[in-house]
Peer 1: 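This is the structure, below, for whatever I ask next.
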Amino acid sequence: MSVDLEGIRVGLGALRDRAQVDVQNHWRSYLGDLPSSPPPLLPGGEKGSRIQNSQSPSLGEGFRVRAKDWPWAEANEKGYLVWERGEKVRWFWQTFTVPPHLKGYPLQGLQLRLCLTWWAADAQVFCNGELLQAGDLFDSSARVLLSAGVEPGERFEVAIRLVSPGHDIGALMRSHLRYEAPTGELDPGFVADELAVLTQYCQRFQPEALPKIAAVLAKMGDDPIDLAQLRTPLLPLAENLKTRCFYLMGHAHLDLAWLWDLPETYDVAERTFRSVLNLQQEFPELTFCHTSPALYEWIEQHRPELFVEIQAAVAAGTWEPLGGMWVEPDVILPGGEAIARQLLYGQRYTQAKFGKITQVAWLTDSFGFPWQLPQLLAQAGIRYFVTQKLHWNDRTKFPHGFFRWQAPDGTELLTLMSPPNVTGVMDTNPITMTNYSVDWEAQTGFKDIFWLPGVGDHGGGPSRDMLAVQRRWQASPFFPKIQFTTAIAYLDRLANQGRVNPHPPAPSPKGGAGELEIGQDLPLWADELYLELHRGCYTVHADQKWFNRRCEGMLYEAELWSTIATVLTAAPYPQKELEQAWKQVLFNQFHDILPGTSIPPVFERANRDWQAALTMGETLRDQALIAISARIQCPPRPGLIPFVIFNPLNHHRIDAMEFANMGQIYDSTGGALPSQGIKGGSMAMVALPSVGYTLIWADPQPLPLLPLPPEPVLENEDLRVEIDPQTGDLAQVWHQGRAVLRGPGNQLQVFQDQ
Ligand SMILES: [Zn+2]
């Protein structure tokens, strides 16, 4: 570290010490629940919000008496206070007394916040016996307001009840107190953050300015300080920051099924959406986006008055339906037709209910993206693709932030790698935002930065505190501009800037297509977007993969034959039934269901829906085939039985077919087809036209069985393959008289997935 940076670090630390106190090493702790503990909140109950005292559980006097004698909690090497996994409760307790000043800085009248970060399935924070805030694994940090204006000598007794996740250890990772001034006024912690932001930008883009920042902080000394005066000499340096702008949009990733199933999803969606609409009353600048017409449809049907409010927000431009797909599916396992259906039903719904289709595909969490996706998306009216998932790569840093993603057919789709969630909750912390923005600008050259505040995975969305914090920073001269946006407006803005990246990225790994092209501003990526993570998900929960493929094939057949039946026989087309079955399949293609990364109840429910879709497909297919068959002329042939065999594939095929209790098979003109007697019937080679049928005739007189060879052997002019009848292994393979194997071949091995 340079002398300047070290000086700045020390100076900022001294400034922060005037308004912040690390309290992580001063918790008393008790492992286990207490007889008089308040009941845990319902899952997701009152997430992220301050809780009305009248409704909240509270701690009695006896609690304090006991807590005083608890042992001190000891931190691990990372500074975390950890305990065992398996939904085990751990209490933490501490009292804070407000001193008149911190390192000479008077605290009278400042807000007091307790800033916490935890890793816990359930969290409750009590102050002076009353529950103030609750959270969970996803809503895992809080800036709990202990007082809106402290008095020296005032005491706060804080108790925290945390429950470790079932699958992981629990931790209280961070805890500190912050004394803060209201928006528009300065406090030492705020100014320290301002100068930290300035330092970050200068370090990367204007290093010659660092000595000036260091000099200002060095002059500060231990004397009482005038904060406005302190930062005044640095104001000219900060002017450059305002050439940058954070474009904010509230977001709440909501997994339709994961560590919970549908009833909870719908409950969380409703609360998230209501919370956003309420916050938009208080913060009219707030914009919000959400994907998944499947979820909107549920809200429309079950919470119609909420849906009307959402429609009004969409019309007003403060709510943006995104994605274009029915859900946020996995896009590796589904077939191309299913992805087309995701888009068809997704865009139709979006158009019908919100007035227009979306032009932004949004798959923040799906586990990798196939190369054909730009083509499929573009054909559904999509102009931009957004994901952040490749930030999760375990080895390779994905080289581009905003780029042209080109499919094999040449279709290009402008694609954005949106900001990663690196702190658990994507809030409006100015330091986190600055860290990202500096990297983004260095990578892409863009000074317009996308930022998506909001609690996610289990819904939640932006909190009041996130919005208040961004307002405070909007007013600071030491921070880029902040403006709320929609995804389409931000992406159009980037696309129209036509910038050339000042630091051209490395070529893409295949095809050499990653370089900048003459006359093209943005880098090109002509490959799949492979995710280096979640690799086992293609081999777990085989039932989901089996059902998906069967359903995709069956619904294709059902639609094909139903269409032909309607054209040929004027039978009614079962559009409603097909759409319902498709929607069941599309829903189960969600990125935690089809890949197999959810809890068991999710798969139990999913399997019922897969089965329903499959049965519906079979029923419709069979109805259509019966209707078509009824029109096929079968002149009687004495002693023979007619069969109509359909081929749904779009190519001609000749296949071996088995006929139970039959013998010789004849084609429609009476010619004998190659037929062979087998146990229980016969087998014949039948030719089938593409998307059509063949009429054949079968003689019920059995054919003689051919004797089986003594050893199971497959042989042609090149190869002779001997199979071990005991194990099924290949005993030997002969290639033109030469033994190929040194031992048994094709041995099946079974591994336990641990
Ligand atoms: Zn997800």
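As the structure is a computational prediction, the values presented were derived from the model and not from experiment. Atom set for the values below is all heavy atoms of this structure, side chains included, hydrogens, waters and symmetry mates excluded. Counting starts at 1 for both ligands and their atoms, following the listed order.
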Peer 1: So that I know where these two stand, are F603 and F590 an aromatic pair - ring centroids less than 6.0 Å apart?
Peer 2: no
Peer 1: Given the side-chain rings of H251 and W362, with only the six-membered ring counted for Trp, is the space between their centroids under 6.0 Å?
Peer 2: yes
Peer 1: Do the two ring centres, one from W319 and one from F273, sit under 6.0 Å apart?
Peer 2: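 Between F273 and W319, which both carry aromatic rings, the centre distance is below 6.0 Å.
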Peer 1: Please report whether the ring centroid of F283 lies less than 6.0 Å from that of F484.
Peer 2: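 They do not qualify: ring centres at least 6.0 Å apart.
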Peer 1: Might you work through the side chain to side chain contact (heavy atoms under 4.5 Å, CB included) test for Y530 and T396, ending with a clear yes or no?
Peer 2: CA-CA 10 Å; Y530 175 74; T396 315; over 6 Å; no
Peer 1: If I only include protein atoms of type N, O or S, how many are less than 2.8 Å from the Zn ion (ligand 1)?
Peer 2: 4
Peer 1: Taking atom types as modelled, find out whether Y345 and E297 have a side-chain donor-acceptor pair closer than 3.5 angstrom.
Peer 2: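 Side-chain D/A pair, Y345 to E297: absent.
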